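Read the structure below first, then the notes.
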Number of protein chains: 2
Amino acid sequence: MTLRSADQIREQLEQAIIAAEFADGERLDQMMLSKRYSVSRTPVREALHALSTSGLVEAVPRRGVFVRYPSFIKLVEMFDVMAELEAMCGRLAARRITEDELAHLEDAAAACEWAMEKGDADDYYRENERFHHVLYHASGNSYLAEEASKLHKRLQPFRRLQLRVRGRLAQSMREHREVQDAVTKGDAARAAQALHGHIAIQGEHLNDLMANFAKHRARSASRAS
Amino acid sequence: MTLRSADQIREQLEQAIIAAEFADGERLDQMMLSKRYSVSRTPVREALHALSTSGLVEAVPRRGVFVRYPSFIKLVEMFDVMAELEAMCGRLAARRITEDELAHLEDAAAACEWAMEKGDADDYYRENERFHHVLYHASGNSYLAEEASKLHKRLQPFRRLQLRVRGRLAQSMREHREVQDAVTKGDAARAAQALHGHIAIQGEHLNDLMANFAKHRARSASRAS
DNA sequence: AATAGCAATCTTGGATCCAAGAATGTTGAC
DNA sequence: GTCAACATTCTTGGATCCAAGATTGCTATT
């Protein structure tokens with residue numbers, strides 16, 4: 001599908017940044033990257049500037065592009081917006097979800113439960129992802145679904161770490177079931193409220209999360225060297 | 001500040017697209033644009049792909065980039081999300097707005113009123129813009145403010161036309177005052193509800209609006225030829 | 001007359017080249 | 001010893017060049 005190396009490089013850089021392979025504020029050198037990906041500077045340049053549009057890096061004219069991890073404050077803000085978007089998805093989905101989508105929701109929820117019982121955080125994370133995307137889609141608002149997905153992806157590394165916090169997995173699962181129940185019964189207000197809480201609690205626990213993230217980034221950096 | 005011609009061209013193309021200077025689905029030819037802006041193809045290419053990231057155009061690898069105006073459905077969806085974001089701004093602003101910002105809000109509201117009394121829709125539009133941006137900022141959530149601004153800008157041409165609908169100006173003004181009152185009194189729920197209604201009504205009137213837009217685009221196209 | 005196949009042309013995407021601004025390092029003056 | 005001025009080097013941004021896929025138009029065949 002994508003036969004442009006600029007797009008592939010953008011994709012790979014995105015992954016690399018999300019995986020914290022670069023230090024905060026580090027300059028992404030075009031020459032270095034073009035060697036790394038065995039292409040000329042042209043597609044690298046395009047990829048870098050594309051990334052700056054989506055906010056993962058900051059492009060300073062004539063100086064270069066620098067990776068910018070969101071500050072603590074910014075993260076809290078982003079989780080707050082995420083909570084609102086998810087709540088909106090829930091409210092709409094409660095009214096609009098189809099039988100088919102309800103079945104998918106149950107599938108995802110069951111898979112989450114199974115992962116939880118196994119105590120497999122990675123697997124839980126994957127199925128949790130599916131659960132939420134079913135809801136985005138079920139909102140029947142494709143623009144909303146798109147925006148929610150984007151932000152969801154952006155917050156991925158921060159959310160993921162939180163699942164490692166003790167007891168969070170079971171708690172998260174209970175919240176999923178509450179959401180599912182509200183959506184199934186068509187209770188828009190309760191679905192919205194449950195989803196809002198489900199996300200907002202992550203923002204509120206950002207302190208623990210940041211501590212974990214720092215540890216993780218330290219490990220990741222030492223591996224990279 | 002911006003000393004990259006690629007950025008300037010992106011900006012100008014954005015304006016041109018918003019002003020409906022291109023037909024829906026039209027291919028944006030790199031050669032043509034590079035002549036138009038008296039630069040080589042390089043910055044034009046970068047600008048075009050940057051635009052595709054923000055969704056104004058669609059880039060098809062090896063084929064070119066094509067302008068894509070949002071469909072009617074998509075517009076309704078976008079207004080729905082905008083209503084939600086504005087409501088969130090209102091809810092937060094009601095709790096967090098400073099004395100200073102309250103003064104700015106009153107300034108903007110008064111300017112709107114004056115424009116309305118003059119019957120100057122363009123002026124009203126400008127001040128209306130200011131009113132909303134004060135609210136975005138007053139939410140105290142810079143990420144939210146940023147996202148709201150982006151979507152606001154994207155919807156600009158569709159909103160703007162609506163102010164020409166008979167009686168809409170006075171109605172809009174009343175809604176502004178209601179919002180201002182709720183925010184001033186710190187009534188978060190009422191501020192959110194008022195703002196949601198203020199935006200949602202625009203989405204609901206999209207039918208009238210689209211009729212106007214079609215007329216406008218026809219005029220614009222004939223001027224361009 | 002319509003369509004399949006092919007050739008000529010056009011356009012995009014990547015590589016390379018060049019100019020100009022930014023960073024760095026050295027030297028000299030105080 | 002420190003700091004300012006200047007020269008050198010590095011890196012980005014734009015222009016140009018080249019390859020490859022896409023479009024178009026022509027021709028020949030049915």
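The chains referred to below are lettered A, B, ... by the order of the sequence lines, with proteins before strands, and numbering in each begins at 1. Keep in mind the model is a prediction, meaning the values are calculated, not measured.
Residues passing the side chain to side chain donor-acceptor pair (under 3.5 Å) test with B:Asp107, sequence neighbours excluded: none.
Here the P atom of nucleotide D:dG14 and the CG atom of B:Leu48 are 14 Å apart, to the nearest Å. Between A:Asp7 atom CG and C:dG14 atom C1' the separation is 13 Å, expressed in whole Å. Between B:Glu46 atom CD and C:dT12 atom P there is a gap of 16 Å when expressed in whole angstrom units. For the pair B:Arg41 CZ and D:dG14 P, the computed distance is 15 Å after rounding to whole Å. Rounded to an integer number of Å, the gap from NZ of A:Lys35 to P of C:dA15 is 15 Å. Regarding B:Asp29, its CG atom lies at a distance of 14 Å from the C1' atom of C:dG13, rounded to whole Å. One interatomic measurement links the two molecules: CE of B:Met32 to C1' of C:dT12, which rounds to 15 Å at whole-angstrom precision. As a whole-Å value, the separation of A:Arg27 CZ from C:dA23 P is 9 Å.
Residues A:Tyr37 and A:Ser5 bring no donor and acceptor atom of their side chains to less than 3.5 Å of each other. Neither side chain, B:Tyr136 nor B:Glu146, offers a donor N or O lying under 3.5 Å from an acceptor on the other. Checking A:Gln30 against A:Arg45 by side-chain atom types alone, no donor-acceptor pair falls below 3.5 Å.
Residue contacts for B:Gln30: at a heavy-atom cut-off of 4.0 Å it reaches the sugar-phosphate backbone alone, with no base atom in range.
Between B:Tyr124 and B:His176, the ring-plane angle classifies as parallel under the 30° and 60° cut-offs.
No salt bridge links B:Glu129 with B:Arg126; every basic N to acidic carboxylate O contact stays at or beyond 4.0 Å.
Proximity of A:His49 to B:Arg4: side-chain heavy atoms (C-beta onward) are separated by under 4.5 Å at one or more points.
Listed pair B:Ser5 / D:dG14 meets the phosphate criterion, a side-chain N or O lying under 4.0 Å from OP1 or OP2. Close to D:dT12, at under 4.0 Å from its OP1 or OP2, lies no side-chain N or O of A:His49.
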Can you give me the N/O atom pairs linking the protein to nucleotides 6-8 of chain D at distances under 3.5 Å, or say none if there are none?
none

Filtered N/O pairs between nucleotides 19-22 of chain D and protein, under 3.5 Å:
| unit_1 | atom_1 | unit_2 | atom_2 | d |
| --- | --- | --- | --- | --- |
| D:dA22 | O3' | B:Arg63 | NE | 3.2 |

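Interatomic distance, CE of A:Met88 versus OG of A:Ser139, reported as 7.5 Å (0.5 Å rounding).
Residue A:Met31 qualifies as open at atom CE: its count of foreign heavy atoms under 6.0 Å is 12 or below.
Nearest nucleotide to the side chain of B:Thr42, out of D:dT16, C:dG14, C:dT11: D:dT16.
B:Arg45 contributes no side-chain N or O that forms a donor-acceptor pair with the base of D:dG14 under 3.5 Å.
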